[in-house]
Each structure stands twice: as C-alpha cells, then as structure tokens.
Visitor: 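I'd like to ask some things about the structure below.
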2 protein chains.
Amino acid sequence: MPPRGRQLEVTIALGGNAILRRGDHGTAEEQIDRVRATARALVHLIEKGDRILLTHGNGPQVGDILVQNEAAKDQVPQMPLDVCGAQSQGMIGYMLQQALRGELDAEGIDMPVVTVLTQVLVDRGDPAFRNPTKPVGPFYSAQESSRLSKSKGWAMAEDSGRGYRRVVPSPVPKDIVEKGTVARLFRAGVLVIAAGGGGIPVVGGRGRLRGVEAVLDKDRTASLLATTMKTKVLLILTDVDGVYLDYAGPRRRKLDALDVKACERYLRAGQFPPGSMGPKIESAVSFLKAGGVRAVIASLEEAEAALAGRAGTTITR
Amino acid sequence: MPPRGRQLEVTIALGGNAILRRGDHGTAEEQIDRVRATARALVHLIEKGDRILLTHGNGPQVGDILVQNEAAKDQVPQMPLDVCGAQSQGMIGYMLQQALRGELDAEGIDMPVVTVLTQVLVDRGDPAFRNPTKPVGPFYSAQESSRLSKSKGWAMAEDSGRGYRRVVPSPVPKDIVEKGTVARLFRAGVLVIAAGGGGIPVVGGRGRLRGVEAVLDKDRTASLLATTMKTKVLLILTDVDGVYLDYAGPRRRKLDALDVKACERYLRAGQFPPGSMGPKIESAVSFLKAGGVRAVIASLEEAEAALAGRAGTTITR
C-alpha cells in the first residue's frame, strides 16, 4: 500500500558517502552495508509520504573501474570514460535498487524500484572541452604522464603532490535523454534511480548520439533532473550537516536558511570552494531560478529533519 | 509516430555476437559498431510494426570485467560476480540504448528506449549450487588454481587444455524482480532492454534480496521473460542460421520447423550440445509449454525473414 502523508516531491542527490566513506577500502561488502543504511533513511522519508526521485555520485566507483582498466590494459582493451560511467551506473544502481527493495518490503511498502540507465546531453561547444580540469583515474609518474599525453592525447595535470593524473572536461549538463521514461515512471509512483554519476555524457542530439570522454557534476545534473521533473524540492545529501561560512576558519558558522541573492553574494566572496560546496550552491541556485521551490543541503543522517526545516541549510528564492 | 503493422509482440534474445564477434579484440569502437548494425536490424523489425522486448548475453564483457578485477586486485577490491554482472548490464545496455536511439531517430520513430537494471530470483536449493559447471574469468596455472580454491573457496576446473578457470553455478531463473516495471514500460510502448546477461542472480525473495556468485543462462532467462510478459513470440538470435541435425557431421541438415515433441526427442538423442544449441532448444520448449505461441531460432541477419517464417527454425507446440 503506498503510504500517504505530506506527499512532497523531492529529487535527492546522494553524495559519494552514501555508498562509500573516507577510509573505507571499497569492498563490495562495505558498499552494500553503506547502501543499506542509506536505503533505510530513504525509506523512512517514503513512509512519511514523500515522493522521491533518486540520483547519486560515482566518483570512487568509476575511479576503481579506471584503475582496473589500466591494470589489465595488456589483456583487455581499455574502455572510454562514457562506458566506464555506464558500468558504474549499473553497479551502484544495482546495489541501491536491491537495498531499497529489501527495506521497502520490510516495511510492507509495495512500491517498484528501478534504475534507469541515463545519458545526459552536453554541448559540443561547451568551453569545458577546451579546458579539462577534472582529475580521473590512477596516478602516474611524470614520465608515464608525458607518454600518455603523447600516445593518447590525454590532458594531464599534477594532482596534490601525489603524481600526475588525467584531467577531463566537466561540461554543463543540458538535457536528460531518457527524461520521458523517468517522468513516466516517477509519475506512476515508481521509485526511480536515474542519472547516476551525473549521467553518461553524450553529444549529438537527435539522430546520432555518441559518448564523450568527460565527467558530469552530479549536483548539476541533479538540479537539471529536479527542474526537468518539476519536483518542488531538491535535497542534496553530503558529508557535512549544512552550509557554513568561513568553513575552514576558527569562526565557522552554519547557515540555517539562505536566499538566492545571499548565495550569489557568498559565491562571489569565495565562501564556497569550487571542488565541494561551490557546485552544490550553484546547483541549488539554478534549480530555484528555474522554478524550484526549495533546495536543501544536509547530511544523510538528518535528511528527514532537514526536509522538515529542522536541520541542514534551506535555500529559497 | 509509432509505426503500425503486424504488431507482433516479440521477446528477442541477442547472442553475444550481436555485440562482439569471434576474432574481435573487444575494443569499445568495435562493440559500438556491432551494436549499431544490430540496432539497424532491430529498428527494421519495429518499422514492420513489431513490438520488441530486448534481452542480451554478456559473456565476453563480464569475462573482461573479471580479468580487470584480477589484474588490479592489489589496488582495488575485487567485486563479486553479481556486481560484475550489474556493471556489464550498464555497459551493454548503454551501448544498445544509444545505438537504438540513434537508429529510431534516423527513421523518425518517436519511441522511448530504456535499459532496466534487472535482478533475477533463483532458488537457494537449486542443485546447480552443489555442482558449479560454468567457467568464468581468467585462466590460471594449476598452482594458482589450487591456491584460489583454498583461499577463496572457489570451485576450479581445467578448461579446454588452456589452464584452470573458476567454475560457478548456473541455476534456473525463477522470477524477474523488476517484472512489474518492465511490463509497465513495455505495455506503454517503450523499447525496453531488460535482464541483460540473463539478469543479476539474487536469492532471498521478498524482504531481503542478496546477490549470489552465479551466472544465468541468457536464453533461459529470455524464455522466462517472454513467458512473464506474455509475448507471443520468443526470437533467439545467434551466430548460426537455425537449428541443425548432425551439426558437426558431414550430413548436417537444417530444420525449418519443429514441434515440442521433436525437440524433446532430439534433445534426448544428444543432437543439441549442452553448451550451445541445447539451452536454446530447452528455452524454446519451456516457453511454448508455458503458453508461448512460437519460438524462432535464427541469425541476426535473417531476423526479419525468420519472423515471417522464411528463414531460421520455427518451433511450435
């Protein structure tokens, strides 16, 4: 029996820590345990009556797949990033789908769960393609790095003193290719997992799609997904309990509520670093500007309280 | 505009050669080329008015993923077979979905395409779990084989003079966990790709599913899918143009039509080897016994002629 209640439609973006935490080894058992705890928290929201559309990151998982591709390259052809991303959607979608099925059944909730393999259209002319910045895959020595740069045309960059890594473009997600199917299922009451890892980046529009060697920011794609599906709320779950000012300093303080103007002011002032809180705030802002009602940034543990306005940071127009 | 015509509902099981052929290296480019040709053939059927439900094998792809897992095992935890199977569903589903989208758009057919990540329930008590027979993953020396047998509890077997391989159970698929969603989408006119690689094998029933280290025969699962979705036809596409008697001998002859009784007689007589045509014939028979109208075994190139009864082998009750 589908539960009734506040019936809030929420797009939820799960951070990497919903699947794997810092310090984890990345075994399947660990990931499945983490995902079960995540599933319990999500099913709790469903019991309250919320209608969830789920998306998730894939950083550590696609990283591992790239390391495996590199290690076996003399035996098995290396797959391009789009194919590795598709593999990670299969892997993470499977774990989430199985854990959610189990938790829903345990609570007697008869709601289908499904992972929709999702391609996301990007613009060939996106400036990100001329300026690849996102490090992916294994670390290489300076020598290997220069060899790969020549042989494969990869852009390489020194990364945090640990060696060189391939850097790839992170273009802006423009359209969700499978949006019609996601909408159909979501409207029919199915718990949909979509656009994992920000979606598989493709170019070409109608007629001939093809994958590109790029990664998509999962929060940006979550914002696009929420806008496209017209959910009232975008909930970004991460490993901190909300948005802070002066996060790294001695006087850090949490913000309970923010409006778009304040977000933009703080972004300009450099309060939110590009690699972490920055894209989340930007995604919240673009969701609200496109018609969204409320964006919430919170920790997984406080998801329910955050949706009720009692935890996390709530951003409105 | 959805095309109109004979409106035959067909579950199609694509053999491995629809994605990769013997002698291919297995690069992404090759696979994408093969998949494009496959997509063209399938869209041709759709233009005739057929309603397709698609499933596919994953042998070479999951094999490559297992080799990559082995090669990187000192850097990245090895994933169990169910997770590797999920990865292969993501990978192959992505390629098929993208190629089909392209071909449909090129023909002006406005039909959504979607890959549904699919778990398939097996019985814990299936005798296959006591007798693992299906070789998977890389070859090992006798010494490595005995070490793996002790350290991981893997069953190992000598394989075709090339070394030792892990052997895993191939239990009978009993139920498709995501059948409700597949049915909903199929009935709504969506081109669904489901149960790739025979589906991800899980045990546990309602309440707590978990993956198992096993593989599912894709033709058996295709038969279950066709039965569950009540399509009139099951079309098994493979690399031969039909069913033969005395296939390996000098007097081999193709059969154009067969009934269930003849199938069972020939199966008993050992006409269809266990590793290749045997499971296809058995799957056809179980589909027909469960109410299916027609099973067809043919090559991808002759798919259309075979559905019209002009090629391949047609099996009826």
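Every chain is numbered from 1, with letters handed out A, B, ... down the list of sequences. Since this is a predicted model, take the numbers as computed values, not measurements.
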Visitor: Are the side chain of Gln87(B) and the backbone of Gly90(A) linked by a donor-acceptor contact shorter than 3.5 Å?
Guide: no

Visitor: Which one of Ile109(A), Thr38(A), Leu191(A) satisfies the side chain to side chain contact (heavy atoms under 4.5 Å, CB included) criterion with Val43(A)?
Guide: Ile109(A)

Visitor: Could you walk me through whether Val116(A) and Ile193(A) pass the side chain to side chain contact (heavy atoms under 4.5 Å, CB included) check?
Guide: CA-CA 6 Å; Val116(A) 171; Ile193(A) 302 157; over 6 Å; no

Visitor: Considering only heavy atoms, which portion of Val202(A) lies under 4.5 Å from any heavy atom of chain B: side chain, backbone, both, or neither?
Guide: side chain

Visitor: Does any N or O in the side chain of Glu144(B) come within less than 3.5 Å of the main-chain N or O of Ser141(B), such that one atom is a donor and the other an acceptor?
Guide: yes

Visitor: With side chain to side chain contact (heavy atoms under 4.5 Å, CB included) as the test, would you mind laying out the steps for Val114(B) and Leu117(A) before giving the verdict?
Guide: CA-CA 7 Å; Val114(B) 71; Leu117(A) 214 67; over 6 Å; no

Visitor: In terms of side-chain geometry, is the basic nitrogen of Asp159(B) or Arg165(B) positioned less than 4.0 Å from the acidic oxygen of its partner?
Guide: yes

Visitor: Are any of the side-chain nitrogens in Glu178(A) or Arg184(A) under 4.0 Å away from the carboxylate oxygens of its partner?
Guide: no

Visitor: Set out, in order, the CA-CA distance, both residues' side-chain angles and the distance that settles side chain to side chain contact (heavy atoms under 4.5 Å, CB included) for Leu104(B) and Arg101(B), then state yes or no.
Guide: CA-CA 5 Å; Leu104(B) 287 166; Arg101(B) 176 77 277 132; 3.8 Å; yes

Visitor: Report the option among Gly85(A), Pro138(A), Ser88(A), Gly211(A) that has the most heavy-atom pairs separated by less than 4.5 Å from atoms of chain B.
Guide: Gly211(A)

Visitor: Non-hydrogen atoms of chain B under 4.5 Å away: do they reach the side chain of Val83(A), the backbone, both or neither?
Guide: both

Visitor: Less than 4.5 Å to any heavy atom of chain B: does that hold for the side chain of Asp82(A), its backbone, both, or neither?
Guide: both

Visitor: Which of residues 23-32 of chain B get closer than 4.5 angstrom to chain A, counting heavy atoms alone?
Guide: His25(B), Gly26(B), Thr27(B), Ala28(B), Gln31(B)

Visitor: Charged N to carboxylate O below 4.0 Å: is that the case for Arg40(A) and Glu107(A)?
Guide: no

Visitor: Applying a criterion of heavy atom separation less than 4.5 Å, what residues of residues 56-68 of chain A form contacts with chain B?
Guide: Asp64(A), Ile65(A), Val67(A), Gln68(A)

Visitor: Would Lys152(A) and Glu213(A) pass as an ion pair if we require N to O under 4.0 Å?
Guide: no

Visitor: Can you tell me how far apart CD1 (Ile200(A)) and CD (Gln97(B)) are? Round to the nearest 0.5 Å.
Guide: 7.0 Å

Visitor: Looking at Pro112(A), Ala188(A), Pro80(A), which makes the most heavy-atom pairs under 4.5 Å with chain B?
Guide: Ala188(A)

Visitor: Between Glu70(B) and Tyr140(B), do the side chains contain an N or O donor and an N or O acceptor separated by less than 3.5 Å?
Guide: yes

Visitor: Heavy-atom pairs under 4.5 Å with chain B: which of Met95(A), Arg36(A), Gln75(A) has the most?
Guide: Arg36(A)

Visitor: Here's one to test your reading of the geometry: is the NZ or CZ of Arg51(A) within 45 degrees of the ring axis of Phe186(A) and under 6.0 Å from its centre?
Guide: yes

Visitor: Using a cut-off of under 4.5 Å for heavy-atom pairs, which of Gln89(B), Gln78(B), Arg210(B) has the most such pairs with chain A?
Guide: Arg210(B)

